[in-house]
Amino acid sequence: MEAVREYWIQISSAIASFMFVWATLQDFYPIQMVRYQLERVWSKVEAYFDPYVHIRFNEYIGYRRSEAFAAIETYLGSKSISQAKELKGHVVKHTQNLVLTMGEAEDLREIFRGRKLWWASRKTKPEGQAISFYPQSDTARRYYKLTFRKEDREVVTGEYLSYVLEQGKAMQLRSQQRRLYTNNPSSQWYDCKKNLWSHVAFQHPSTFDTVAMDSAKKAEIVKDLTAFSEGREYYERVGKAWKRGYLLHGPPGTGKSTMIAAIANFMKYDIYDLELTAVMDNMELRKLLTETSSKSIIVIEDIDCSIDLTGDRKKKRSSSNSATSAAGQFLGLEKAGSNDQNESKVTLSGLLNFIDGLWSACGSERIIIFTTNHLDRLDPALIRRGRMDLHIEMSYCTFEAFKVLAKNYTGLESHALFDKIGRMLPEVEMSPADVAEQLMARSKHVDADECLGGLVRALEAAKIMKGKKQREERSGRSNRPLNRIRRILGWKRQKSSSENKS
Ligand SMILES: Nc1ncnc2c1ncn2[C@@H]1O[C@H](COP(=O)(O)OP(=O)(O)OP(=O)(O)O)[C@@H](O)[C@H]1O
Ligand SMILES: [Mg+2]
């Protein structure tokens, strides 16, 4: 009995000592810390024996949605169409594009260079009630977890992840509404960088199928663009910035701007229409450049009118020409540089640095396009190969180009008048814009025969005018404006319609 009593006394004193030590420990070392330390030790033990590595990509970093998460979401969406049981779909703003993403609690297996990888889509709910700053109504936070074997660490972190991000971003761009940007005058660059460019939705319908030009030339451009878009590794290997310059030259109305739209639609790139006369100096030019995104086309139209190639500014443009760029007009922007005070001081060397200097290498996958009506006015340094890699001549309308226009505007692939038009086109210099003008039926009562007849008459008038002009030139008389063709054309039309009536 005595022994039992002794035993209980010892136990009680042991418990009391433990409680005392425990209470003292808690004063210095709170229970959460103990638990945390234990968990740390446990996860280390677990990690030691676990043959897998896990990477977690949270949807939000602070209050910002993670770009990496968005790119992975798009990438996995495309992959999970064949594997996942549950997908989520939404339509991209301003487009008809349906985007599918992996549902929550879905898993996906992928093989990359023979290595197995596992993706998991999960959601965590924070404990307790919290006020949400996030767009989702509940405070759930989504994340993707990538699991792979330890021995594949290098391949996954080195190659696979950049591949996923790149693919995801490219897919995002493809499904997104593309944009047409124009630069704001620097007087409007208040508070933050965001005001450097303004944009509208880019919805030009031009494609390589609708651009009228020789098919061999067209095929060459398409090939060049395709090689460029697939050329990431090539550019890295040869140590060049991933960019390409195109110079589009040719008379007015031959389709230079139309070609830019077709290139943008083919590449699925945004367009930055740079109005150089609104750029005050080289520093501003550099800022604008650094604010452009990858996968974009930077356009400077009528480059010969925008910058003085001798280093001084010159005002070649008439007052009508000093209006803002097309996109600028659309956005209602005023053009700086229209008076002396605001005159731009961008120099040729600044522009050259913009095209292929050190600054041009910030960002990647960019196409720079210059257009001009006067190739001979440009400084050879500006357009030498390497800066402007491909020189594309947009010419007066050929028969092949006419056939494309005829198909676009009238739906015809052959007609009795085609041969005649084919014979007449090389005899005159008529731009595709003028041909298109003749082929465009302005009302449903005008049929294809009438349009083609009108074109034949226009060609005849142009031929007469050409002959007359040549005779005038030979006899040393001054040039008459070419728009007399249009006057004669109008007179001919009136005459033929009054003849028809009578
Ligand atoms: N090659 C072409 N293919 C298809 N359409 C064309 C072509 N050229 C001209 N057009 C038609 O003519 C219109 C004017 O063409 P565009 O603005 O592309 O000419 P441009 O060469 O840029 O002229 P400018 O030198 O005056 O800027 C276009 O809206 C288009 O409908
Ligand atoms: Mg143009």
Side-chain angles (χ1 to χ4, degrees), residues 67-68 70-72 74-75 112-113 155 157-176 178-181 183 193 196-197 199 202 208 219-248 259-274 282 285-300 303 349-371 381-392:
E67 277 184 31
I72 292 168
T74 316
Y75 175 80
F112 181 76
R113 298 204 195 294
V155 178
T157 54
E159 280 179 66
Y160 177 71
L161 282 177
S162 43
Y163 166 80
V164 169
L165 294 180
E166 192 185 299
Q167 292 289 315
K169 280 182 185 164
M171 286 174 200
Q172 279 176 326
L173 274 179
R174 278 201 288 277
S175 62
Q176 261 170 18
R178 272 163 311 111
R179 292 170 171 182
L180 170 63
Y181 291 87
N183 51 311
K193 284 182 182 176
L196 267 60
W197 297 93
H199 65 84
F202 176 67
F208 275 105
E220 190 196 340
I221 300 167
V222 171
K223 196 172 152 201
D224 195 84
L225 288 168
T226 312
F228 174 75
S229 66
E230 294 167 355
R232 185 197 163 110
E233 277 165 23
Y234 170 78
Y235 280 88
E236 266 173 22
R237 199 173 64 241
V238 299
K240 258 177 82 112
W242 190 10
K243 63 177 186 55
R244 194 136 178 93
Y246 290 158
L247 175 70
L248 301 181
M259 170 61 84
I260 295 171
I263 292 176
N265 285 332
F266 180 74
M267 300 296 277
K268 303 206 165 29
Y269 285 1
D270 288 336
I271 296 182
Y272 288 86
D273 183 11
L274 180 66
N282 296 340
L285 190 63
R286 202 176 293 166
K287 276 189 196 156
L288 284 164
L289 176 73
T290 51
E291 277 300 299
T292 58
S293 61
S294 296
K295 290 185 181 288
S296 62
I297 301 175
I298 301 170
V299 177
I300 304 180
I303 182 78
S349 72
L351 191 60
L352 296 183
N353 192 25
F354 175 84
I355 305 164
D356 69 351
L358 287 175
W359 285 91
S360 70
C362 53
S364 61
E365 211 179 340
R366 270 191 299 211
I367 294 176
I368 297 173
I369 301 183
F370 289 169
T371 73
L382 188 65
I383 58 170
R384 70 151 169 78
R385 305 281 162 173
R387 286 205 173 104
M388 290 293 111
D389 303 281
L390 200 63
H391 293 197
I392 302 166

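If you read the sequence from its start, that first residue is 1, and numbering goes on from there.
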Less than 4.5 Å apart, side chain to side chain, heavy atoms only: is that true for [X] and [Y]?
{"X": "I300", "Y": "L351", "result": "yes"}
{"X": "L247", "Y": "I392", "result": "no"}
{"X": "T292", "Y": "D270", "result": "no"}
{"X": "I303", "Y": "L382", "result": "yes"}
{"X": "I263", "Y": "Y246", "result": "yes"}
{"X": "Q167", "Y": "T74", "result": "no"}
{"X": "L285", "Y": "L274", "result": "yes"}
{"X": "L165", "Y": "Y75", "result": "no"}

Working for side chain to side chain contact (heavy atoms under 4.5 Å, CB included), residues E291 and W197: CA-CA 8 Å; E291 277 300 299; W197 297 93; 3.9 Å; yes
Heavy-atom neighbours of E236 CD exceed 12 at 6.0 Å: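 Above 12, so yes.
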How close do [X] and [Y] get, heavy atom to heavy atom, and via which atoms?
{"X": "A381", "Y": "R387", "result": "O-NH1, 2.6 Å"}
{"X": "E220", "Y": "L390", "result": "OE2-CD1, 3.8 Å"}
{"X": "A264", "Y": "R178", "result": "O-NH1, 3.2 Å"}
{"X": "Q172", "Y": "A71", "result": "NE2-N, 3.8 Å"}

[atom1]-[atom2] distance between [X] and [Y], expressed to the nearest 0.5 angstrom:
{"X": "L225", "Y": "I367", "atom1": "CG", "atom2": "CD1", "result": "5.0 Å"}
{"X": "K243", "Y": "K240", "atom1": "NZ", "atom2": "NZ", "result": "6.0 Å"}
{"X": "Y163", "Y": "R113", "atom1": "OH", "atom2": "CZ", "result": "9.0 Å"}
{"X": "W242", "Y": "R232", "atom1": "CH2", "atom2": "CZ", "result": "6.0 Å"}
{"X": "I271", "Y": "I297", "atom1": "CD1", "atom2": "CD1", "result": "5.0 Å"}
{"X": "F266", "Y": "T226", "atom1": "CZ", "atom2": "OG1", "result": "4.0 Å"}

Between E365 and Y269, a side-chain donor and acceptor under 3.5 Å: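 Yes, because at least one side-chain N or O of E365 sits under 3.5 Å from a partner of the opposite role on Y269.
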Between N183 and Y272, a side-chain donor and acceptor under 3.5 Å: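 Not at all, the side chains of N183 and Y272 share no donor-acceptor pair under 3.5 Å.
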side-chain contact (heavy atoms from CB on, under 4.5 Å) partner of L196, chosen from L288, L289, T290: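 Testing each of L288, L289, T290 against L196, the sole residue satisfying side-chain contact (heavy atoms from CB on, under 4.5 Å) is L288.
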Carboxylate-amine/guanidinium contact D389 R244, below 4.0 Å: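 Judged by the 4.0 Å cut-off on N to carboxylate O distance, D389 and R244 do form a salt bridge.
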Side chain to side chain contact (heavy atoms under 4.5 Å, CB included) assessment of N265 paired with F202: CA-CA 9 Å; N265 285 332; F202 176 67; 3.5 Å; yes
S296 vs Y181, side-chain hydrogen bond (donor to acceptor under 3.5 Å, both in side chains): CA-CA, chis, key distance, verdict: CA-CA 10 Å; S296 62; Y181 291 87; over 6 Å; no
I368 vs F370, side chain to side chain contact (heavy atoms under 4.5 Å, CB included): CA-CA, chis, key distance, verdict: CA-CA 7 Å; I368 297 173; F370 289 169; 3.8 Å; yes
Test side chain to side chain contact (heavy atoms under 4.5 Å, CB included) applied to E67 and K169, step by step: CA-CA 9 Å; E67 277 184 31; K169 280 182 185 164; 4.2 Å; yes
For R385, side chain to side chain contact (heavy atoms under 4.5 Å, CB included) partners two or more places apart: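 Result, side chain to side chain contact (heavy atoms under 4.5 Å, CB included) vs R385: H391.
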